[in-house]
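Single-structure report; data block below.
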Amino acid sequence: PSEMSSSLLRCRTTRPRPYLSLARGSLFHSRCLASIHSSALRPGPSSSDAPPLTSPSLPSRRENLASLRSTSFDLLVVGGGATGAGTALDAAARGLSVAVIDRGDWGCETSSRSTKLIWAGIRYLATATAGLLKWETLGDPAAALRNFRGEIAMVVSCHRERRYMAERQPHLVHWMPIAVPFRSWTVWPPPLGHPLFSLFPIIAPFAFKLYDSLSSFSCPPSFVMGKAAARKKFPQLAANDGDLKYCGVFYEAMHNDARTNLAIALSASEYGAATANYVSMTALTTDENGVANGIEAEDALTGKKFSIDAQRVVFAGGPFTDGLRGMEGERASADGDAAEVRPAVRAAAGTHVVLPGYYTPPDMGLLDHNTSDGRFLFLLPWLGHTLAGTTDVACPPSSSPSPPEDEVQWILNECGKYLSKDLRVRRSDVSSAWRGWRPLAVDPHAPPGAPASRDHVISEHPGTGVVFVAGGKWTTWREMAEEVVDRICKGRGEERKCTTLDITLHGGKGYTSNLAIKLIQKHGMDHSVAQHLANTYGTKAWDVCELSAPTGRPYPRFGTRIVPDHPYITAEIVHAARFEGACTVEDVVARRTRMAYLDRSAALAAIPVVGKIMAKELRWNETERQLQETLATEIVGTYGGPVPDKAGAQLRAATYRDVVDVFEAIDVDGSGFLDRTEMGQLSVALGFPLTEEEVDLAFVDMDTSRDGRVTMDEFEAWWNRSADTLFHRELAKELGVKLHPKKDLGSGIMLG
């Protein structure tokens, strides 16, 4: 708790970085940042024929803080990610008095660092089938069938929720076709480790149609794209290499996750919830019976402490939920000793890399269904760029977005497998990279023998009555919130029907697909800017345009860009500060806009512009403005960028195309494979001659097909999995120097 409260602008981190741990009595506290929020909501400039501003109807942060201090709520939600904000929205829509707080900004952790997919779980469909067809099923067929039905039920619910988002929230979500290239009619090793899926290239079209059917064919239909069509539609794809058979194409939904999270929080406010970011919980309060009746809280921007009273408390802290539960503690055991809080959440980190938009078509993504370590990897067009990810590494959660260089390199290596040989996936092409943590949950209060959760966990502490929710995925945020509020209402002895399936989120009312055209016609906006505003704000784009300043040029007439080559305009900064609860410069560059997630260099260049405008809107003095800009610079600097951070990295700083170059250099006879003789020659030429036995072991490790030939795919897979072998270490060391001409190496090898 002390660590969480000591961090001013990043108090949500469990291990605060030094530049964020500003203690009481520091310059920030002495300046008392309450003045930042002294400006009330106010409309921007308007003309007689402009649509009226709709945002000013929402309470300001200062008004919400006053409500938190003075109101006794039916429900308090701690955690403002997708699930926490969704729980507040659901409860408020049912007529409960609700408050929701977050120790940082809305969606500043997991909910803003996803793969940007609202996906219905095609992988779970495959894992359910693989689990049913295991030999172990014969030992307990009843249990296997229960597991299978549970997995399928989860996939069906994901389809329902995806449909809700795509049809009810078109201002936030759009369909994205995703191509799955197949280079052979069988795959080995098989995806998911099951022999049946070695035939996946043959059965994929049927599997995709089954996937469509689970949503009652409400999504665009999957289809098969032949080699010629693939070459035309996806020219970046390696369709000219002679081994592409076809592409199966299915559809998932995509969104701008941080903006969707914000829309949920603002919708909760529209329904009457008291919402406040940068408010941290410091302790749980209980009555004489040990039942929770509120929390002690601290305004992270001013250091002021206060109490929030509530009949019920819900923890929705994502991967940080156990930190909240640690404040709750366990009820005393029968002998009077306090029991230790049992962990409920295991975090898994996922790294994403952002590349230039030319690596994918603007309207089609790509899925590698069988990476070198068996994970799914997506290559998706997102906001004019290409998003690649994700990894999945179990480790303690952290608020820092800094990605490990090894994981960045692994993603780049994998990306190159399906792209044309004349496209070099370069490390310098990385414009941004980040890491987020997803929560994998178990129920610590479940009775012995209870089945494990396949998706999310909702559990109630038997003593304090505190409910926590963890796990799940972006797709099921609404369903999880519904289940939490159902439980709260049941405990109150009330029957209040969930209505969120009928709710259109903030900015969706009156939205049409022609909104961008209307913005251009009225405000003379640049087309890319207008399209961005429509896709980001929905009908609230009118509010942003009314705040935009004239450019002084014939075209575009309104909308001054924050930085070149990005569609964000200065009016968005004003709108974020007035109407969207933005409290810091980093809020704007990372989540109100997505510059930090798209282009670290652009975000760093934007910080002075954002700081100047926010200082005017929030009435910062010069010292406060400089501190805000310094903090934002520090945080954005932790994102990945074109220059690798090799501290602790073990993979060499090379992309998959570089490994292809090495393979081709070793394969001097151009056969397309490496043989045992070439392996021995390579070790001698590199200066680390191995014994015959060591060469044999290295070759067998590479030759997974056991046919005496190491293909490019086998070589690449070996490279990513065998970092601890002598051969790999020496080869990696050698690859760190430049390639030498063949004449310098002697016969048979082009490496020096």
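These numbers come from the heavy atoms of this one structure, side chains and all, not from hydrogens, waters or symmetry mates. Source: prediction; values computed, not measured.
- Between the side chains of Ser528 and Asp526, at least one donor N or O lies within less than 3.5 Å of an accepting N or O.
- In this model, a donor atom of one side chain and an acceptor atom of the other lie less than 3.5 Å apart for Glu572 and His532.
- Side-chain contact annotation: Arg478 with Thr500, donor-acceptor N/O pair under 3.5 Å present.
- There is a side-chain donor-acceptor pair under 3.5 Å between Asp212 and Ser222.
- The aromatic rings of Tyr211 and Phe250 stand perpendicular to each other, their planes meeting at an angle above 60°, with 30° marking the opposite boundary.
- Asp587 and Thr584 share a donor-acceptor pair across their side chains, judged by distance under 3.5 Å alone.
- Within the 4.5 Å cutoff, no side-chain heavy atoms of Trp382 are placed close to those of Thr115.
- Taking the six-membered ring for Trp and thresholds of 30 and 60 degrees, His575 and Phe579 have ring planes more than 60 degrees apart, a perpendicular arrangement.
- Relative orientation of the Trp175 and Tyr251 rings is perpendicular, given thresholds of 30° and 60° on the angle between their planes.
- Between Leu355 and Ser431 the shortest side-chain heavy-atom distance does not fall below 4.5 Å.
- Side-chain contact check for Ser111 and Asp257: no donor-acceptor pair (N or O, by modelled atom type) lies under 3.5 Å.
- With no hydrogens or angles considered, no side-chain donor-acceptor pair links Ser218 and Glu167 at under 3.5 Å.
- With hydrogens and angles left out, the side-chain atoms of Ser267 and His506 include no donor and acceptor closer than 3.5 Å.
- Between the side chains of Thr386 and Thr360, a donor-acceptor pair is found at a separation under 3.5 Å.
- Proximity of Asp102 to Tyr278: side-chain heavy atoms (C-beta onward) are nowhere separated by under 4.5 Å.
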